[in-house]
Amino acid sequence: MSDKPVLTIALSKGRILEQTLPLLAFAGLLPQEDVQKTRKLMVDGPDDWAGSKIRFLIIRAADVCTYVEKGAADLGISGRDLLMELRPHVYEPLDLKIGKCRLSICAPKETIEAERSKPAVGGRIRIATKYDYLTEQYYQQQGIQADIIHLYGSMELAPLVGLADRIVDVVETGNTLKANGLQEEVKLFDISSRLIANPASFVTKKRQVQAVIEKMRLAVQGMENS
Ligand code: PRT
Ligand code: MG
């Protein structure tokens, strides 16, 4: 019988994926092939999981929000940084407690020291980031004029070559900052990855979506206690 409902779960490839797999394993929700090796973007999961057929989409972290918001996926896993920046219309029922990091304003050591002795008044500052919205919001609240320089990656380079005065980026160990002579100046938010759900799926596939949320909740608890 192939009339089982299909439940589609969007996974972020890249650094979150590795930490997602043990949670999925705990919940009995493993993909049928090695998603870290395959070049397939859509991979089957269990054929009969709480009465539905599971499939996974393996996509760029920033695209997970879009797939879930538009209903191309019923559920997904996304970093809180991206949820706050992109503000998709999705439910966020569970903190998975993986992909932990923080979103911070960082600057060269010399800049921070110089401004400690002589605070910059007025003037504009240039911030390199891929978090345009969150950066703009923060500086607006501070009453500081900020020019956002949008970059797609390796933000840490921008202050070194005079492209920007500061960066707003994710920091985990701080090693990348250190290697590039930068320091954390202000921590804006603590970040972890979240399970997200399409609001319509929440209604039309309520039983299956709830089952995934509950199993994943137990998986998070299980991982915490292990
Ligand atoms: O890298 P790519 O452009 O393909 O995609 P992406 O950056 O959107 O995805 P990915 O996989 O790099 O990140 C996905 C999610 O992982 C982010 O949205 C965060 O929620 C989470 N996360 C957790 C991180 C980090 N830790 C992290 N360390 N995302 C990025 N980093 C970067 C950080 O910006 C720094 O440049 O890793 C670098 C090293 O960090 P340190 O402090 O450990 O040196
Ligand atoms: Mg990255």
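Since the model is a prediction, treat every value here as computed from it, not as a measurement. Both counts, for ligands and for their atoms, begin at 1 and track the order of listing.
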Structural part of R194 in contact with ligand 1, heavy atom criterion under 4.0 angstrom: neither
If you compare all heavy atoms of F26 against all heavy atoms of L218, which two are closest, and at what distance to 0.1 Å? CE2-O, 3.8 Å
For residues 63-91, which residue pairs pass the salt bridge (Lys or Arg N to Asp or Glu O under 4.0 Å) check, not counting sequence neighbours? D74-K205
What is the distance from atom CG of L94 to atom CZ of R194, rounded to the nearest 0.5 Å? 9.0 Å
If you count the atoms of ligand 1 from 1 in the order shown, which ones are under 4.0 Å from a heavy atom of C101? 22 (N), 23 (C), 26 (N)
Is it the case that S52 and Q208 place a side-chain donor and acceptor less than 3.5 Å from each other? no
Quick one: do D147 and R124 make a salt bridge, cutoff under 4.0 Å? yes
Counting N and O atoms only, with roles assigned by atom type, does the side chain of N180 sit under 3.5 Å from a partner on the main chain of L182, one being a donor and the other an acceptor? no
Output the list of atoms in ligand 1 that are nearer than 4.0 Å to some heavy atom of K13, sorted by atom number. 11 (O)
Ligand-side contact atoms (ligand 1) for residue partner G14, heavy atom cut-off under 4.0 Å: 11 (O)
With only distance considered, is I16 within less than 3.5 Å of ligand 1 through an N or O on each side? no
I need the contact type for M155 against ligand 1. Using non-hydrogen atoms and a strict under-4.0 Å cut-off, is it side chain, backbone, both or neither? neither
Looking only at distances, can you tell me whether any N or O atom of D81, backbone or side chain, sits closer than 3.5 Å to an N or O atom of ligand 1? yes
Do ligand 1 and T173 have nitrogen or oxygen atoms that lie under 3.5 Å from each other? yes
D169 neighbourhood, listing ligand 1 atoms whose heavy-atom distance to it stays under 4.0 Å: 34 (O), 36 (O)
Within the supplied structure, the quantity of interest is the number of heavy atoms (other residues, nucleotides, ligands) at a distance under 6.0 Å from Y67 OH; does it exceed 12? no
Between M216 and I98, is there shared hydrophobic-cluster membership here, with clusters defined by ILVMFWY side-chain heavy atoms closer than 4.5 Å? yes
Under 3.5 Å, is there a donor-acceptor pair between the side chain of T129 and the main chain of V168? yes
Hey, which atoms in ligand 1 end up nearer than 4.0 Å to a heavy atom of G79? 20 (O)
Please state which part of L82 comes within less than 4.0 Å of ligand 1, counting heavy atoms only: side chain, backbone, both or neither. side chain
Polar proximity ligand 1 side, R15 side, N/O cut 3.5 Å exclusive: yes
Atom 4 (O) of ligand 1: of M84, E172, R60, the nearest heavy atom sits on R60
Of all the atoms in ligand 1, which lie at a distance below 4.0 Å from a heavy atom belonging to E156? 35 (C), 36 (O)
Would G153 count as a contact of ligand 1 if the rule is a heavy atom under 4.0 Å away? no
Should R80 be counted as touching ligand 1, given the test is an N or O pair under 3.5 Å? no
Looking at S12 and I77, would you say the former's side chain and the latter's main chain have a donor-acceptor pair under 3.5 Å? yes
To the closest 0.5 Å, what do you measure between OG (S193) and CG (D95)? 8.5 Å
I191, portion touching ligand 1 at heavy-atom distance under 4.0 Å: side chain
Enumerate the atoms of ligand 1 whose separation from the nearest heavy atom of K130 is less than 4.0 angstrom. 6 (P), 7 (O), 8 (O)
Is the shortest distance from a Lys or Arg side-chain nitrogen in E172 or K100 to a carboxylate oxygen in the other one below 4.0 Å? no
Do any nitrogen or oxygen atoms of V170 come within less than 3.5 Å of a nitrogen or oxygen of ligand 1? yes
Are I105 and V170 connected in a single hydrophobic cluster, I mean Ile/Leu/Val/Met/Phe/Trp/Tyr linked by side-chain heavy atoms less than 4.5 Å apart? yes
List ligand 1 atoms under 4.0 Å from N175, heavy atoms only on the residue side. 42 (O), 44 (O)
Do any pairs count as a salt bridge (Lys or Arg N to Asp or Glu O under 4.0 Å) and have a residue in residues 156-166, sequence neighbours left out, and if so which ones? E115-R166, R126-D165, R166-E185
Under 4.0 angstrom from ligand 1, any heavy atom of K178? no
Does S12 come within less than 4.0 angstrom of ligand 1, counting non-hydrogen atoms of the residue? no
Out of L17, T176, I167, D63, whose heavy atom is nearest to atom 44 (O) of ligand 1? T176
N/O of Y131 under 3.5 Å from N/O of ligand 1, yes or no? no
